[in-house]
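To start, the structure under review is shown below, and the notes come after it.
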Amino acid sequence: MTSANDDRTLLIVGSYTAASDGRGEGIDTFRRDARTGELTPAGSLALDSPSWLTPHPTLPVLYAVNETAEGAITAVSVAEDGTLSALNSLPTGGADPCHLSVTPDGRFLLCANYSGGSLAAFALGPDGVPTVRTALVQHEGGGPNAERQEAAHVHMAVVDETGTLVSAVDLGTDEIRTYRLGEEGELIPVSVSTLPAGTGPRQLVRRPGTSHAYVVGELAASLVTVREDPPGTFAVENSVPATLEPGGENLPAQLLLHGDRLFLSNRGPEKITEFAFDGVAVADHGTGEWPRHFSIIGEHCYVAAQSSDAIQAYERTTWRLIGTYPVGSPAFVDRWPH
């Protein structure tokens with residue numbers, strides 16, 4: 001495994017394609033120069049709208065959602081030189097899957113079906129290839145935002161560090177629904193945690209070593225701090241605006257915990273806002289258009305500026321733009337392996 005500062009590090013990018021009105025081609029890999037932050041194309045794979053990617057914990061296998069009306073996941077083999085090859089695909093049982101996570105033991109893959117409003121689980125073989133869907137749980141309900149909360153919309157599937165609890169973040173119902181993952185991959189209801197009406201929860205990120213976690217309120221343009229006690233049950237402690245200068249269109253997207261800071265991208269203001277763990281906003285950093293996703297690697301930040309059709313590289317200490325790399329409708333960018 002390469003380190004974050006190894007010049008052999010790969011970046012992997014997923015994009016929206018014509019299958020969902022995007023301009024991308026599928027998955028692209030780039031070789032990263034750790035000193036300069038420069039990216040060099042390494043490989044690509046044509047695939048329908050792989051808008052979220054997640055790695056197997058130990059094998060050179062990557063999982064992609066196919067965010068389309070049919071809904072599928074695809075397993076992809078990643079070679080050391082960055083070349084890619086598809087292994088297999090399975091239907092998710094719901095439309096527009098948008099997030100994936102893998103249990104720490106590599107036995108199961110969890111998938112959030114956004115438009116389908118459901119949570120799916122898949123068994124993984126010893127080679128990391130998905131073999132069968134083991135569970136599909138349908139959510140019901142809605143929220144006060146008539147346009148965005150007309151039905152359930154599962155936006156994230158979060159596996160705890162034990163690999164036994166799965167929390168489904170539902171933007172449509174303002175809930176976090178937690179399930180116990182059974183030995184055969186079944187999803188057994190544990191708890192329902194309710195957030196303030198109209199929050200539109202998009203992501204949940206735990207702070208390691210504590211009982212605190214953070215929720216991205218996409219529709220309320222907020223960052224919500226919650227306490228998890230008992231495991232899988234979340235209670236709101238406080239909520240703050242998603243940027244230093246709230247107002248206008250503001251759809252927060254990707255939340256990243258890095259060092260002693262939280263970083264939250266905001267579409268509309270076109271910024272990444274930096275927070276202390278107590279929820280106090282520290283700084284706004286400008287980006288390209290529609291920063292759907294980003295990653296911080298070594299001394300650089302890489303932003304998937306979806307509407308700019310580019311991956312942007314920034315110097316962390318100054319947030320100076322140091323490189324722009326054309327990619328159609330990028331939706332995801334991160335280091336490989338994580």
Side-chain angles (χ1 to χ4, degrees), residues 1-16 22-45 49-55 62 64-65 76 78 81-82 84 98-100 203 205 216 251-259 261-267 269-275 283-338:
M1 179 179 293
T2 56
S3 72
N5 290 313
D6 192 313
D7 63 9
R8 294 173 297 166
T9 296
L10 289 173
L11 250 65
I12 196 152
V13 176
S15 302
Y16 282 109
R23 295 172 295 279
E25 298 296 328
I27 303 176
D28 294 284
T29 58
F30 295 84
R31 195 164 302 283
R32 171 181 177 267
D33 185 305
R35 184 179 62 83
T36 66
E38 183 178 359
L39 302 181
T40 304
S44 63
L45 177 68
S49 291
S51 63
W52 189 275
L53 309 169
T54 199
L62 179 74
V65 299
V76 177
V78 183
D81 64 359
L84 308 169
C98 64
H99 184 266
L100 296 168
Q203 293 190 348
V205 177
V216 177
L251 295 172
Q254 170 72 5
L255 178 63
L256 177 66
L257 191 158
H258 184 83
R261 289 287 189 264
L262 297 163
F263 295 85
L264 177 61
S265 67
N266 297 280
R267 298 162 296 174
E270 322 300 20
K271 297 179 184 297
I272 291 175
T273 300
E274 183 176 345
F275 293 85
D284 281 338
H285 307 291
T287 70
E289 296 179 27
W290 221 246
R292 186 178 186 88
H293 194 272
F294 66 96
S295 63
I296 295 174
I297 304 168
E299 299 305 315
H300 304 101
C301 179
Y302 298 90
V303 179
Q306 182 180 343
S307 295
S308 293
D309 292 323
I311 298 297
Q312 299 173 321
Y314 292 86
E315 187 178 69
R316 276 281 319 284
T317 55
T318 63
W319 288 89
R320 176 175 63 91
L321 180 65
I322 57 174
T324 298
Y325 304 92
V327 176
S329 305
F332 182 99
V333 57
D334 207 346
R335 179 177 64 243
W336 174 266
H338 284 208

Taking [X] for the side chain and [Y] for the main chain, is one N or O donor matched with an acceptor at less than 3.5 Å?
{"X": "D309", "Y": "S329", "answer": "yes"}
{"X": "R267", "Y": "L251", "answer": "yes"}
{"X": "S51", "Y": "Y16", "answer": "no"}

Side chain to side chain, [X] and [Y], heavy atoms closer than 4.5 Å:
{"X": "F30", "Y": "V327", "answer": "yes"}
{"X": "I322", "Y": "T36", "answer": "no"}
{"X": "V65", "Y": "P50", "answer": "no"}
{"X": "L62", "Y": "I27", "answer": "yes"}
{"X": "W336", "Y": "R32", "answer": "no"}

Check your understanding: Do D28 and S15 have a side chain donor and acceptor closer than 3.5 Å?
Key -> no
Point to revise | side-chain contact (heavy atoms from CB on, under 4.5 Å) assessment of R31 paired with L10 | key: CA-CA 5 Å; R31 195 164 302 283; L10 289 173; 4.0 Å; yes
Point to revise | Ring geometry between F263 and F294 (parallel below 30°, tilted from 30 to 60°, perpendicular above 60°) | key: perpendicular
Minimum-distance pair of heavy atoms, taken over all atoms of [X] and [Y]:
{"X": "I297", "Y": "D334", "answer": "CD1-C, 4.4 Å"}
{"X": "L321", "Y": "T324", "answer": "CD2-OG1, 3.9 Å"}
{"X": "P291", "Y": "V303", "answer": "CB-CG1, 3.8 Å"}
{"X": "G14", "Y": "L53", "answer": "N-CD1, 3.7 Å"}
{"X": "C301", "Y": "I296", "answer": "SG-CG1, 4.1 Å"}
{"X": "R316", "Y": "G298", "answer": "NH1-O, 4.1 Å"}

Sequence neighbours left out, what passes side-chain hydrogen bond (donor to acceptor under 3.5 Å, both in side chains) with [X]? Give chain and number order.
{"X": "Q203", "value": "Q254"}
{"X": "Y314", "value": "Q312"}
{"X": "T317", "value": "none"}

Working to the nearest 0.5 angstrom, can you tell me the gap between [X] [atom1] and [Y] [atom2]?
{"X": "T273", "Y": "L255", "atom1": "OG1", "atom2": "CG", "result": "11.0 Å"}
{"X": "D81", "Y": "T29", "atom1": "CG", "atom2": "OG1", "result": "8.0 Å"}
{"X": "I311", "Y": "H293", "atom1": "CD1", "atom2": "NE2", "result": "10.0 Å"}
{"X": "R320", "Y": "H285", "atom1": "CZ", "atom2": "NE2", "result": "15.0 Å"}

Check your understanding: Can you list the steps and then say if L39 with Y302 is a side-chain contact (heavy atoms from CB on, under 4.5 Å)?
Key -> CA-CA 10 Å; L39 302 181; Y302 298 90; 3.7 Å; yes
Practice item. Can you sort out the partners of W290 under ring pair (Phe, Tyr, Trp, His ring centres under 6.0 Å), two or more places apart, ordered by chain and number? Key: none
Review point. Taking only residues two or more places apart in sequence, or in another chain, which ones meet H99 in a ring pair (Phe, Tyr, Trp, His ring centres under 6.0 Å)?
Key: W52
Review point. Sequence neighbours excluded, which residues qualify as salt bridge (Lys or Arg N to Asp or Glu O under 4.0 Å) partners of E274?
Key: R261
Check your understanding: In terms of heavy-atom contacts, does CD of E270 have more than 12 from other residues, nucleotides or ligands at under 6.0 Å?
Key -> yes
